[in-house]
Asker: 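My questions all concern the structure below.
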Amino acid sequence: MLYRQTIRWARAAELALAIDAGRERAQEALDALRRQRDDDRRPYLCLPARTDDLPAIEARAEAIRASGVGDVVVLGTGGSSLGTRALLALDGPTLGASSGLRVHVPDNLGATLMDAVLRDLDPARTHFIAVSKSGGTAETVAQTLTAFEAVSAALGPTRAAQAFTLVSEPGGSPLRRLAGQWGVATLDHDPDLGGRYSVMSVVGALPALLAGFDIAALRRGAGRVVDQALAPGADPAHVPAAEAAVLGHVAGEAAGAAIAVLLAYDDRLAPFTRWWAQLWAESLGKRGLGSTPVAALGPVDQHSQLQLYLDGPGDKLISLVKPVTAGTGPRVAPALTAGAGEGRLDYLSGRTIGDLVDAEADATAEALVRRGRPVRVLTIDRVDAETLGALMMHFMLETVITAHLIAVDPFDQPAVEEGKQLTRAALRGTGDALAAAVPAGLVSDLGVSAT
Ligand SMILES: O=P(O)(O)OC[C@H]1O[C@](O)(CO)[C@@H](O)[C@@H]1O
């Protein structure tokens with residue numbers, strides 16, 4: 001078993017008609033997805049079964065390894081980096097530790113962070129992979145230009161060019177043109193593959209291969225989910241992604257569940273929840289529709305968010321990702337618990353850390369159900385590449401099926417363009433655009449000065 005999905009909601013029986021109607025619509029979505037996969041129209045559905053693209057990616061990875069570097073920095077943001085982080089996080093806190101290469105993904109642009117990257121890494125032993133589907137995202141362009149300048153200054157432009165790889169769609173974008181002028185090796189990003197659906201392509205595969213991550217296992221797990229969901233005659237009630245999309249839709253419509261929480265009980269899955277948040281938000285947040293994703297981590301968020309989930313507004317669908325951890329990790333010595341006083345720590349005596357986390361996840365789900373919250377638990381046997389591939393494909397399908405249910409296009413993100421235009425205008429000094437945009441709704445503009 002890669003994962004098992006359990007959905008519990010006290011109101012499900014009362015909403016049976018709406019759920020049945022949702023399943024009928026989900027059936028349409030599954031039929032459409034099957035046709036798209038069979039006609040090779042949606043690359044994210046076909047990637048799991050592909051192997052023909054891997055030799056070129058492996059060859060580039062080998063060339064980077066052969067150049068003798070010790071560090072690899074992935075420059076990119078959003079769909080060009082969040083998935084990569086999610087893959088590499090399976091290795092634990094030290095990215096790429098299993099391959100001997102350290103792979104860094106500073107996906108959030110920041111002056112201090114970029115200063116640190118350029119100051120702390122040896123330009124002669126570092127390779128930069130710039131990933132941008134459009135080749136024009138300001139953050140990634142700025143990262144790439146500052147990094148290229150720093151390496152050129154240290155080693156000269158010829159060696160700097162060898163220290164870079166660009167992954168971007170073909171065309172005349174800024175990064176594509178610069179890479180051509182500099183002589184930087186470039187791999188094509190499939191123009192038909194949206195960034196937030198691209199993790200299994202060269203986007204995630206190149207850094208992942210360098211980090212020793214098993215990309216074939218990732219695709220295998222994803223492939224098993226696609227095959228099950230799109231099997232001819234598959235009943236949406238037996239397809240986890242479809243069933244979850246229906247529940248989420250009904251919970252949104254009938255119970256006002258406008259927030260979707262993904263609470264993962266393993267640190268290694270925290271970046272996965274951030275990848276999911278982009279997938280969910282950008283794919284569904286359109287025309288006043290969609291639900292707000294919250295990426296959460298257990299058990300720590302039990303001690304910060306859970307009060308709200310249990311006792312705040314009933315506007316959330318809460319999904320737990322629960323690795324089976326019972327019996328794993330360090331064990332609490334009975335001899336030590338005895339010293340805490342009669343019976344006070346008996347529940348921990350002889351138990352492992354994994355026992356505690358496992359019990360906490362179950363208890364959290366139960367407490368939420370008792371409060372009448374809609375709860376879905378995704379139980380996984382292992383936190384590994386194959387399971388992650390299955391979960392990622394599950395959520396891509398759940399997102400696209402939800403998009404069908406609310407009638408939005410899951411593959412565009414038109415609204416973010418305005419902020420990008422305003423940023424460019426501000427930097428060009430034509431900030432009038434910003435000035436004109438703000439005063440209309442300005443409510444308050446205060447500050448506090450420290451002397
Ligand atoms: O890969 P690109 O084109 O640099 O885009 C990065 C991210 O920016 C967005 O376009 C949003 O601004 C995302 O959809 C995308 O994943």
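Each ligand, and each atom within it, is numbered from 1 in the order the structure gives.
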Asker: Considering the heavy atoms of V416, write down every atom of ligand 1 situated less than 4.0 Å from one of them.
Answerer: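 Listed by number with element, the hits are 11 (C), 12 (O).
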
Asker: Considering heavy atoms of the protein only, find what lies nearest to atom 5 (O) of ligand 1 and give residue, atom and distance to 0.1 Å.
Answerer: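 That would be T137 OG1, 3.3 Å.
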
Asker: I'd like to know whether CZ of R274 has more than 12 heavy-atom contacts from other residues, nucleotides or ligands below 6.0 angstrom.
Answerer: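 At most 12 heavy atoms, drawn from other residues, nucleotides or ligands, come within 6.0 Å of this atom.
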
Asker: Do the side-chain N and O atoms of D115 and T112 include a donor-acceptor pair separated by under 3.5 angstrom?
Answerer: no

Asker: Does a side chain donor of either T364 or Y309 reach within less than 3.5 Å of an acceptor in the other side chain?
Answerer: no

Asker: Exactly one of R23, R376, Q5 should register a side-chain hydrogen bond (donor to acceptor under 3.5 Å, both in side chains) with E243. Which one does?
Answerer: R23

Asker: Examine R42 relative to Y197 and say whether NZ or CZ is less than 6.0 Å from the centre of the six-membered ring and inside a 45° cone about the ring axis.
Answerer: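 No, R42 does not sit over the ring of Y197.
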
Asker: Name the one of L308, V294, L317 that satisfies side-chain contact (heavy atoms from CB on, under 4.5 Å) with I259?
Answerer: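 It is V294; the other options fail the test.
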
Asker: Just jot down the ligand 1 atoms closer than 4.0 angstrom to any heavy atom of T77, in number order.
Answerer: 6 (C), 7 (C)

Asker: Spell out, as yes or no, whether a donor-acceptor pair under 3.5 Å connects the side chain of T387 to the backbone of R382.
Answerer: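 Flag set: sc T387 to bb R382 pair under 3.5 Å.
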
Asker: Answer yes or no: does an N/O atom from V131 fall short of 3.5 Å to an N/O atom of ligand 1?
Answerer: no

Asker: Quick one: which ligand 1 atoms are inside 4.0 Å of a heavy atom on Q278?
Answerer: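 By the 4.0 Å cutoff, the relevant atoms are 13 (C), 14 (O), 15 (C), 16 (O).
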
Asker: Counting each atom of ligand 1 from 1 as listed, which ones have a heavy atom of S80 under 4.0 Å away?
Answerer: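 Numbered from 1, ligand 1 contributes 1 (O), 2 (P).
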
Asker: Once you restrict to heavy atoms under 4.0 Å, what part of Q413 touches ligand 1? Side chain, backbone, both or neither.
Answerer: side chain

Asker: Which residue holds the protein heavy atom closest to atom 16 (O) of ligand 1, what is that atom called, and what is the gap in Å?
Answerer: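 For atom 16 (O) of ligand 1, the nearest protein heavy atom is G79 N, 2.8 Å.
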
Asker: Considering heavy atoms of the protein only, find what lies nearest to atom 14 (O) of ligand 1 and give residue, atom and distance to 0.1 Å.
Answerer: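 The protein heavy atom lying closest is E282 OE1, 2.7 Å.
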
Asker: Would you mind checking which non-hydrogen protein atom is closest to atom 8 (O) of ligand 1, with the distance to 0.1 Å?
Answerer: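 So the nearest neighbour among protein heavy atoms is K420 NZ, 4.1 Å.
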
